[in-house]
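In what follows, every heavy atom counts, from backbone to side chain, and hydrogens, waters and symmetry copies are set aside. Numbers restart at 1 for each chain; the letters A, B, ... are given by sequence-line order, proteins then strands.
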Protein chains: 2
Amino acid sequence: MDADTPSRIERLCIDRGLKMTGQRRLIARVLSEADDHPDVEELYRRALALDARVSIATVYRTVRLLEEKGILERHDFGGSRARYEPTEHGHHHHLIDVDTGRVIEFEDEAHEAVMQAIAARLGFELVGHRLEMFGRRVEPAPPPPVPSKARRG
Amino acid sequence: MDADTPSRIERLCIDRGLKMTGQRRLIARVLSEADDHPDVEELYRRALALDARVSIATVYRTVRLLEEKGILERHDFGGSRARYEPTEHGHHHHLIDVDTGRVIEFEDEAHEAVMQAIAARLGFELVGHRLEMFGRRVEPAPPPPVPSKARRG
DNA sequence: TTAGGTGCAAAGGATTTGCGGAATT
DNA sequence: AATTCCGCAAATCCTTTGCACCTAA
């Protein structure tokens with residue numbers, strides 16, 4: 001993606017009337033190019049690699065702002081820090097590979113339907129829900145010698 | 001529950017060979033009597049009310065120990081601190097009332113089945129999962145003057 | 001007796017914030 | 001020009017820990 005072309009997230013920011021500074025543009029670009037679920041530390045690292053004129057405080061502030069604007073979603077995948085991803089593709093959930101830490105996204109209509117049904121049964125209107133599954137690959141090749149970084153929250 | 005009768009949690013601790021100190025007995029009792037999902041601060045408060053000889057550090061240590069032993073489950077309901085509940089009744093999940101903060105527990109076989117199916121479809125063996133729903137009570141009375149509820153993402 | 005638990009206060013890690021200077025509309 | 005933002009460092013919040021003392025087994 002060209003550095004001068006407004007990134008997808010930058011466009012969203014503009015649409016919502018946010019003042020676009022150099023650092024916001026930068027962070028928006030990093031977010032737009034991410035296809036994973038980075039934490040603030042990681043976003044900061046990626047942003048720094050493109051332009052050193054950012055502070056981690058600004059990344060925190062921006063990420064928070066974008067979450068409030070509905071542009072970003074915050075997740076808790078069990079680690080100690082929050083991880084973010086752009087709100088875009090329809091409602092989906094996450095399967096975390098407990099051996100590698102890799103996050104697989106998925107959506108499932110049956111599941112959505114069940115959610116609605118459960119809420120209704122309990123007398124509630126569903127305004128949101130969150131699902132994380134933790135799994136282990138079924139009979140993969142013998143696991144690599146990479147020590148799993150078991151971080152606890 | 002009599003203060004001298006071992007609480008349910010205390011029994012579990014004994015079964016797992018944990019050294020039972022006065023503070024552990026106390027915390028075990030508080031946990032056994034809780035039917036909600038208190039955070040450490042709250043557990044500490046309740047314990048203090050029964051016996052002042054506890055420190056919050058011990059509550060933190062105990063809660064962590066019991067979680068490692070599988071006696072407690074830690075939850076993240078969106079607030080800033082972790083909340084705990086005894087591991088007991090079968091696998092269940094939580095519906096958080098977004099207006100009152102109240103937590104409703106439920107279990108649902110259909111949902112469990114769907115979980116398994118999703119994991120299998122993705123080539124994983126399910127080792128755990130976490131589900132939280134956020135909802136709002138549906139009132140039987142006619143809807144308020146504001147007709148359309150703008151769906152927020 | 002001895003491994004392990006406890007209290008206190010200090011340390012830690014993630015995130016927020018006050019403030020003076022700087023950039024955007 | 002007015003408003004909002006940024007960087008820095010200090011502050012917060014929740015949680016963990018080092019250390020000296022205490023206690024269950």
Side-chain angles (χ1 to χ4, degrees), chain A residues 6 9-11 13-30 37-45 47-48 50-69 71-84 149-153, chain B residues 4 6 9-11 13-30 37-45 47-48 50-69 71-84:
Chain A
I9 303 273
E10 179 178 348
R11 183 144 304 294
C13 291
I14 294 169
D15 290 349
R16 318 231 173 177
L18 297 182
K19 185 188 278 190
M20 288 315 292
T21 64
Q23 1 320 54
R24 283 196 185 162
R25 227 182 307 276
L26 175 61
I27 296 168
R29 185 176 151 210
V30 168
H37 310 74
D39 57 33
V40 168
E41 206 87 43
E42 176 63 22
L43 288 172
Y44 177 52
R45 219 171 294 131
L48 270 190
L50 299 177
D51 188 333
R53 285 168 295 173
V54 213
S55 73
I56 197 166
T58 294
V59 178
Y60 270 109
R61 278 193 270 237
T62 303
V63 130
R64 181 173 221 211
L65 174 68
L66 297 199
E67 193 207 344
E68 283 164 1
K69 293 295 183 183
I71 296 174
L72 279 189
E73 257 173 58
R74 175 176 39 200
H75 295 293
D76 163 34
F77 289 154
S80 52
R81 32 195 169 199
R83 297 170 60 177
Y84 294 85
K149 40 179 178 177
R151 52 177 56 148
R152 93 151 241 127
Chain B
D4 299 324
I9 303 274
E10 179 179 348
R11 182 144 303 294
C13 291
I14 294 169
D15 291 349
R16 318 235 172 173
L18 297 181
K19 185 189 277 189
M20 289 314 292
T21 64
Q23 310 46 357
R24 283 197 185 160
R25 228 183 305 278
L26 175 61
I27 296 169
R29 185 176 152 210
V30 168
H37 310 73
D39 58 32
V40 167
E41 205 87 44
E42 177 63 21
L43 288 172
Y44 177 52
R45 219 171 294 131
L48 269 189
L50 300 176
D51 187 333
R53 284 168 297 173
V54 214
S55 73
I56 197 167
T58 294
V59 179
Y60 270 108
R61 278 193 271 237
T62 302
V63 131
R64 185 177 209 189
L65 174 67
L66 298 198
E67 192 207 345
E68 282 164 1
K69 293 296 183 183
I71 296 173
L72 279 189
E73 256 173 58
R74 175 177 40 198
H75 295 293
D76 162 34
F77 290 154
S80 52
R81 32 196 169 199
R83 297 170 59 176
Y84 293 86

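As rounded to whole Å, 11 Å separates atom P of C:dT15 from atom CG of A:L43. What separates CE of B:M20 from P of D:dA25 is a distance of 8 Å, to the nearest Å. Atom pair A:R16:CZ and C:dT25:P shows a separation of 18 Å (rounding to whole Å applied). Distance B:E67 CD to D:dT15 P: 11 Å, rounded to the nearest Å.
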Between the protein and nucleotides 2-8 of chain D, which nitrogen or oxygen pairs come in under 3.5 angstrom?
unit_1	atom_1	unit_2	atom_2	d
D:dT3	O2	A:K19	NZ	3.0
D:dT4	O4'	A:K19	NZ	3.0
D:dT4	O2	A:K19	NZ	3.4
D:dC5	OP1	A:R24	NH1	3.2
D:dC5	OP1	A:R24	NH2	2.8
D:dC5	O5'	A:R24	NH2	3.4
D:dC6	OP1	A:T21	OG1	2.9
D:dC6	O3'	A:Q23	NE2	2.7
D:dG7	OP1	A:Q23	NE2	3.3
D:dG7	OP1	A:R53	O	2.8
D:dG7	OP1	A:V54	N	3.3
D:dG7	OP1	A:S55	N	3.2
D:dG7	OP2	A:S55	N	3.2
D:dG7	OP2	A:S55	OG	2.7
D:dG7	OP2	A:T58	OG1	2.1
D:dG7	N7	A:R61	NH2	2.8
D:dG7	O6	A:R61	NH2	3.2
D:dC8	N4	A:R61	NH2	3.4

Dump every N/O contact between nucleotides 10-14 of chain D and the protein below 3.5 Å, one line per pair.
unit_1	atom_1	unit_2	atom_2	d
D:dC14	OP1	B:R81	NH1	3.3

Can you list, pair by pair, the side-chain donor-acceptor contacts under 3.5 Å of residues 14-22 of chain A, counting residues two or more places apart and other chains?
unit_1	atom_1	unit_2	atom_2	d
A:R16	NH1	A:K69	O	2.4
A:T21	OG1	A:R24	N	3.2

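Atom CZ of B:R45 is surrounded by more than 12 heavy atoms from other residues, nucleotides or ligands within 6.0 Å.
The minimum heavy-atom distance linking A:E10 with A:A28 is given by the pair N-CB, 3.7 Å. Residues B:Y44 and B:V54 approach most closely at CE1-O, 3.6 Å, considering heavy atoms. Between B:A47 and B:L26, the shortest heavy-atom contact is O-CD2, 3.8 Å. The two atoms that bring B:L43 and B:P38 nearest to each other are CD2-CG, 3.5 Å, heavy atoms only.
With B:R83 contributing its side chain and B:H37 its backbone, the two residues share a donor-acceptor pair below 3.5 Å.
Here the options are A:V63, A:T62, A:T58, A:I56, the test is side chain to side chain contact (heavy atoms under 4.5 Å, CB included), and the partner is A:Y60; only A:I56 passes.
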